[in-house]
Amino acid sequence: MLKNIEKYLSLSPEVKKAKAEGKAIVALESTIISHGMPYPQNVETAREVERIIREAGAVPATIAILNGQLKVGLTEEELEFLGQAKDVAKVSRRDLPYIVAEKKNGATTVASTMIIAEMADIKVFVTGGIGGVHRGAEESFDISADLIELANTSVAVICAGAKSILDLGLTLEVLETHGVPVIGYNTEDFPAFYTSKSEFSVDFSVKDTEELANILKTKWQLGLKGGVVVANPIPEEHAMEEEKMNDIIEKALDKARAEGITGKKVTPFLLATIKEMTKGRSLDANIQLVYNNARVGAKLAVDYNII
Ligand code: PSU
Ligand code: MN
C-alpha cells in the first residue's frame with residue numbers, strides 16, 4: 001500500500017471485517033447512483049446490488065468520497081445521502097486531489113473507483129457501463145478517463161459493454177492500444193449496454209467465472225499491470241430493440257449538441273435524455289443489467305479468492 005494512504009482511506013466496518021477474514025470483496029461505483037439514475041431508483045438499485053453480492057457470498061464495497069475521505073463501503077445513511085444530494089461532484093482521476101484536499105463530497109466514476117479499489121486491494125469491480133471514446137472524438141477529443149485507467153490500474157471491471165452513445169469501434173481500438181483485454185462472459189459479441197450485441201466482437205470469450213479468475217490471476221502474475229473489461233451482456237428478456245435504441249441515441253446526441261453540452265456533463269445528460277425518450281424503459285434495462293453484472297462479479301470475486 002502507498003505511504004500515508006491510510007489517512008485518506010476509510011474502510012467501512014463490514015469491509016474491514018471482510019478483509020480480516022479474507023473474504024471476497026466487490027467494489028461498486030457511485031456516479032451511477034448520483035449522476036446515472038434518478039432518486040429513488042438509484043438508492044433502491046444500489047441496495048439491491050449489495051444484497052445480490054452478499055447473497056453470492058462476497059462483500060460489497062460501494063466507493064465514494066465523503067468530506068474528503070475515500071470511503072470503501074457505505075452505510076445506509078451515506079448511500080441515501082449520495083442518492084439525494086444535488087451538489088455531489090462527479091469525480092474522475094483529474095478531480096481526486098481537489099475534492100480530497102478540500103474535504104468535499106464526490107461520486108466516483110469507473111476511473112476513480114478503480115483507483116480507490118486498488119488502494120484497498122480489491123480486484124473485482126461491478127458497474128453498468130464503462131466510459132469510452134465519444135462519437136465525434138476526432139473533433140472534441142472527448143475520450144473517457146476510464147480507458148486510460150483501465151490501461152494502468154489492475155482491477156477487473158464487470159460491465160454490460162459500453163453504450164452506443166459512444167463510438168464502440170474506437171473505444172475498442174483504444175483499449176487494444178493500451179493492452180486491455182476485453183473478455184466476453186458467455187458471448188463472442190461486444191454488448192452495447194441496452195442490447196446484448198453490437199457490430200463488434202470481444203477479444204476472448206469465457207464460459208464461467210473460474211476461467212475468468214484464472215486469466216486475471218495469470219495477467220497480474222505475469223506483471224502485466226492494468227485492468228480487464230469483462231463484458232457481460234444484458235439478459236435477452238430485458239434487452240431493448242437495437243434499431244429503436246440507435247434512433248433514440250442519435251436524437252439524444254443531437255439534443256446534446258444543440259444545447260452545447262460538453263465535458264463531464266455529456267454522459268449524465270445523454271443518460272437522462274435517453275430515459276425520458278424511452279419513457280423510463282432504458283432505466284429498467286439499466287437496473288437489470290447492473291443486477292446481472294453483480295451476480296457475475298460476486299462469483300468472480302469468490303473464485304478469484306480461492307485460486
Ligand atoms: N456509462 C453508463 N452509466 C454511467 C456512466 C457511464 O452507462 O453511469 C458513468 C460511469 O461512472 C463512468 C462515467 O465512469 O459515467 C464516464 O463519464 P465520462 O464519459 O465523463 O468519463
Ligand atoms: Mn468525457
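Whatever order the structure lists them in is the order used to number ligands and atoms, beginning at 1. Not measured: the values here are computed from a predicted model.
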If we ignore angles and hydrogens, is there a donor and acceptor under 3.5 Å between the side chains of Thr195 and Glu242?
no
If you measure from CG on Leu270 to CD1 on Ile248, what distance do you get to the nearest 0.5 Å?
13.0 Å
What distance separates Tyr39 OH from Lys86 NZ, expressed to the nearest 0.5 Å?
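Going from OH on Tyr39 over to NZ on Lys86, the span is 9.5 Å.
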Run through the protein N/O/S atoms less than 2.8 Å from the Mn ion (ligand 2) and write them out by chain and number.
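Only Asp142 OD1 fall inside 2.8 Å of the Mn ion (ligand 2).
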Identify the heavy atoms of [X] and [Y] that sit nearest to each other, and give their distance.
X      : Y      : value
Asp303 : Glu210 : OD2-N, 3.4 Å
Ala298 : Ala56  : CB-CB, 3.5 Å
Glu14  : Pro60  : OE2-CD, 4.0 Å

Listed by chain and number, what are the side chain to side chain contact (heavy atoms under 4.5 Å, CB included) partners of Asn186, not counting sequence neighbours?
Lys207
Tell me which donor-acceptor pairs under 3.5 Å the side chains of residues 61-71 have, and how far apart each pair is, sequence neighbours excluded?
| from | atom 1 | to | atom 2 | distance (Å) |
| --- | --- | --- | --- | --- |
| Thr62 | OG1 | Glu50 | OE2 | 2.6 |
| Gln69 | NE2 | Lys7 | O | 3.1 |
| Lys71 | NZ | Glu78 | OE2 | 3.4 |

Find out whether Ile234 and Asn292 are in side-chain contact, i.e. whether some heavy atom of one side chain is under 4.5 Å from a heavy atom of the other.
no
Under 3.5 Å, N/O to N/O: give me all the pairs between ligand 1 and the protein, one per line with atom names and distance.
| from | atom 1 | to | atom 2 | distance (Å) |
| --- | --- | --- | --- | --- |
| ligand 1 | 7 (O) | Lys163 | NZ | 2.0 |
| ligand 1 | 11 (O) | Glu29 | OE1 | 2.6 |
| ligand 1 | 11 (O) | Glu29 | OE2 | 3.4 |
| ligand 1 | 14 (O) | Val110 | N | 2.8 |
| ligand 1 | 14 (O) | Asp146 | OD1 | 3.3 |
| ligand 1 | 14 (O) | Asp146 | OD2 | 2.7 |
| ligand 1 | 17 (O) | Lys90 | NZ | 3.1 |
| ligand 1 | 19 (O) | Thr267 | OG1 | 2.9 |
| ligand 1 | 20 (O) | Lys90 | NZ | 2.8 |
| ligand 1 | 21 (O) | Ser144 | OG | 2.7 |

